[in-house]
2 protein chains.
Amino acid sequence: MIVAKQYLETHGIRPSQQRIAVMHYLLTHRTHPSVEEIYDGLKGEYSTLSKTTVYNTLKTLSESGAVLTLNIAGTNANYDGYVAPHAHFLCTRCGKIYDVELAHSDLMGKNLPEGSQINDVQLYYKGICGRCSSK
Amino acid sequence: MIVAKQYLETHGIRPSQQRIAVMHYLLTHRTHPSVEEIYDGLKGEYSTLSKTTVYNTLKTLSESGAVLTLNIAGTNANYDGYVAPHAHFLCTRCGKIYDVELAHSDLMGKNLPEGSQINDVQLYYKGICGRCSSK
DNA sequence: AAACAAAGTTGTAATCATTACAAATAATGA
DNA sequence: TCATTATTTGTAATGATTACAACTTTGTTT
């Protein structure tokens with residue numbers, strides 16, 4: 001929790017109870033959870049927590065670069081507290097999202113539109129994971 | 001239209017009027033339109049067209065690999081009739097989606113999960129395009 | 001510490017994209 | 001033609017996300 005708090009401060013986000021809780025959840029659950037999963041995971045401990053707060057918090061965190069918003073699933077967003085450059089693999093059978101490490105510069109130096117400024121890069125793979133295909 | 005029809009047949013999709021119309025729309029509008037835009041663009045010519053049909057058709061086309069489904073925008077899906085490997089750039093100010101050409105093999109040979117099988121790769125860039133940032 | 005202002009949280013009610021479904025229509029094959 | 005199957009259509013649900021206004025907490029000024 002102390003780590004989460006410092007993490008927020010580093011990113012210039014005021015560390016409220018709820019924000020610390022959400023950030024801590026993401027730092028300790030490397031499963032790319034949805035809003036629903038984060039909310040369900042925290043509501044036991046923080047009985048007054050509102051789902052709207054989880055939405056608000058994740059928006060704040062994402063805009064400050066403290067977390068990543070993944071739109072890999074199509075139906076809903078997933079969140080990642082690990083923000084170093086890496087790709088993601090979605091198993092379309094079990095729904096799990098795996099991290100995929102990248103060689104440095106893998107996402108750089110493309111033919112981007114003239115004069116554009118890049119704020120975010122996402123590389124998504126979709127398919128069937130080993131566990132699922134061996135069943 | 002004849003091209004769209006052949007295109008569908010190549011992909012093993014029965015070429016109904018509606019499917020030809022949607023495919024043709026995508027082949028002649030390289031703007032990565034949403035369902036809404038495709039529907040609005042076609043309903044004049046095909047007065048009985050239903051939005052559900054556009055959804056159904058795009059699902060069919062996407063599953064056969066005849067079109068690409070882009071989840072870059074987060075709020076809604078966008079569709080691309082150009083299916084050769086390439087990346088996309090979303091300007092978060094004007095909402096336009098640009099094609100970004102890739103060097104061959106840019107998306108290959110990563111540290112994917114053991115034994116996994118990849119069906120789809122999407123590389124998304126987000127930022128401000130040149131036109132918008134020069135205003 | 002009291003009073004005030006600003007920021008954050010909460011619950012409820014909208015909104016919007018997408019899917020479910022069942023009836024109607026069109027295409028296909030015997 | 002008749003029967004079977006695929007496709008289309010409109011409407012009604014679903015589900016994720018946002019809008020909003022009341023409430024609470026935090027921070028600041030005196």
Side-chain angles (χ1 to χ4, degrees), chain A residues 4-5 8-9 11-25 32-64 66-79 90 92 95 97, chain B residues 4-5 8-9 11-25 32-64 66-79 90 92 95 97:
Chain A
K5 181 158 184 271
L8 295 177
E9 284 162 349
H11 286 271
I13 302 162
R14 258 210 259 173
S16 69
Q17 286 279 302
Q18 293 87 337
R19 287 169 177 177
I20 294 170
V22 169
M23 189 72 241
H24 182 255
Y25 188 90
H32 314 92
S34 63
V35 166
E36 197 72 29
E37 286 164 343
I38 296 169
Y39 175 68
D40 287 345
L42 293 176
K43 70 184 178 195
E45 195 171 355
Y46 301 86
S47 57
T48 70
L49 183 66
S50 155
K51 201 183 284 186
T52 298
T53 297
V54 179
Y55 273 102
N56 292 340
T57 299
L58 289 168
K59 189 175 194 188
T60 301
L61 298 183
S62 186
E63 284 171 357
S64 320
V67 309
L68 290 180
T69 302
L70 309 182
N71 289 322
I72 192 172
T75 53
N76 58 266
N78 294 87
Y79 295 89
L90 169 70
T92 53
I97 298 173
Chain B
K5 182 159 184 270
L8 295 178
E9 284 163 349
H11 286 269
I13 302 162
R14 255 208 263 178
S16 70
Q17 286 278 301
Q18 292 88 339
R19 288 171 176 174
I20 294 170
V22 169
M23 190 69 242
H24 182 255
Y25 187 92
H32 314 92
S34 63
V35 166
E36 198 72 28
E37 287 164 341
I38 297 168
Y39 175 67
D40 287 347
L42 292 176
K43 71 184 175 194
E45 195 172 355
Y46 301 86
S47 57
T48 70
L49 183 66
S50 156
K51 201 183 282 185
T52 298
T53 297
V54 178
Y55 274 102
N56 292 341
T57 298
L58 289 167
K59 187 172 196 191
T60 301
L61 298 182
S62 187
E63 285 170 356
S64 321
V67 308
L68 290 181
T69 302
L70 309 182
N71 290 320
I72 193 172
T75 53
N76 58 266
N78 295 87
Y79 295 89
L90 169 70
T92 53
I97 298 173

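Lettering of chains follows the sequences in order, A, B, ..., and the numbering in each one begins at 1.
At a threshold of 4.0 angstrom between heavy atoms, the contacts of Ser34(A) with the nucleic acid are absent.
Nearest nucleotide to the Thr57(B) side chain, out of dT8(D), dT10(C), dA7(C): dT8(D).
In this structure, Ile13(B) atom CD1 and dT7(D) atom C1' are separated by 14 Å, rounded to whole Å. If you measure from atom CG of Leu70(A) to atom P of dA16(D), you get 16 Å, rounded to the nearest angstrom. Between the CD1 atom of Ile72(B) and the P atom of dA17(C) there is a distance of 18 Å, rounded to whole Å. When the C1' atom of dA26(C) is taken as reference, atom OH of Tyr46(B) falls 16 Å away, rounded to whole Å. Atom CD in Gln17(B) sits about 13 Å away from atom C1' in dT25(C), given to the nearest Å. Between the P atom of dT19(C) and the CG atom of Leu58(B) lies a distance of 11 Å, rounded to the nearest Å. Atom CG in Leu49(A) sits about 13 Å away from atom C1' in dG8(C), given to the nearest Å. For Asp40(B) and dA17(C), the CG to C1' distance is 14 Å, given to the nearest whole Å.
For the side-chain contact (heavy atoms from CB on, under 4.5 Å) test with Ile13(A), the passing option among Met23(A), Glu63(A), Arg19(A) is Arg19(A); the others fail.
The side chain of Gln18(B) places an N or O atom within less than 4.0 Å of a non-bridging phosphate oxygen (OP1 or OP2) of dT9(D). Between Arg19(B) and dT7(D), a side-chain N or O to OP1/OP2 separation shorter than 4.0 Å is present. Within the 4.0 Å cut-off from OP1 or OP2 of dT9(C), at least one side-chain nitrogen or oxygen of Ser16(A) is found. Taking only side-chain nitrogens and oxygens, Ser50(A) never comes nearer than 4.0 Å to OP1 or OP2 of dT9(C).
Expressed to the nearest 0.5 Å, how far CD1 of Ile38(B) lies from CD of Glu36(B) amounts to 10.5 Å. Leu90(B) contributes atom CG, which lies 10.0 Å from atom CG of Asn71(A) (distance to the nearest 0.5 angstrom). To the nearest 0.5 angstrom, Leu58(B) atom CG is 14.0 Å from Tyr39(B) atom OH. Taken to the nearest 0.5 Å, the CG atom of Asn78(B) stands 5.0 Å off from the CG atom of Asn76(B). Residue Tyr79(A) holds its OH atom at 10.5 Å from OG1 of Thr57(A), rounded to the nearest 0.5 Å. To the nearest 0.5 angstrom, Lys43(B) atom NZ is 10.0 Å from Leu49(B) atom CG.
Considering only residues two or more places apart in sequence or on other chains, Lys5(A) meets the salt bridge (Lys or Arg N to Asp or Glu O under 4.0 Å) condition with Glu9(A).
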Can you check nucleotides 13-15 of chain D for protein contacts, nitrogen or oxygen pairs under 3.5 Å, and list what you find?
none

Extract from the structure each pairing of a protein N or O with an N or O of nucleotides 17-21 of chain D at less than 3.5 Å, listing the distance.
| residue | atom | partner | partner atom | Å |
| --- | --- | --- | --- | --- |
| dT17(D) | OP1 | Ala77(A) | N | 2.9 |
| dT17(D) | OP2 | Tyr55(A) | OH | 2.9 |

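Residues Pro33(A) and Tyr25(A) share a closest heavy-atom pair of CG-CE2, 3.8 Å.
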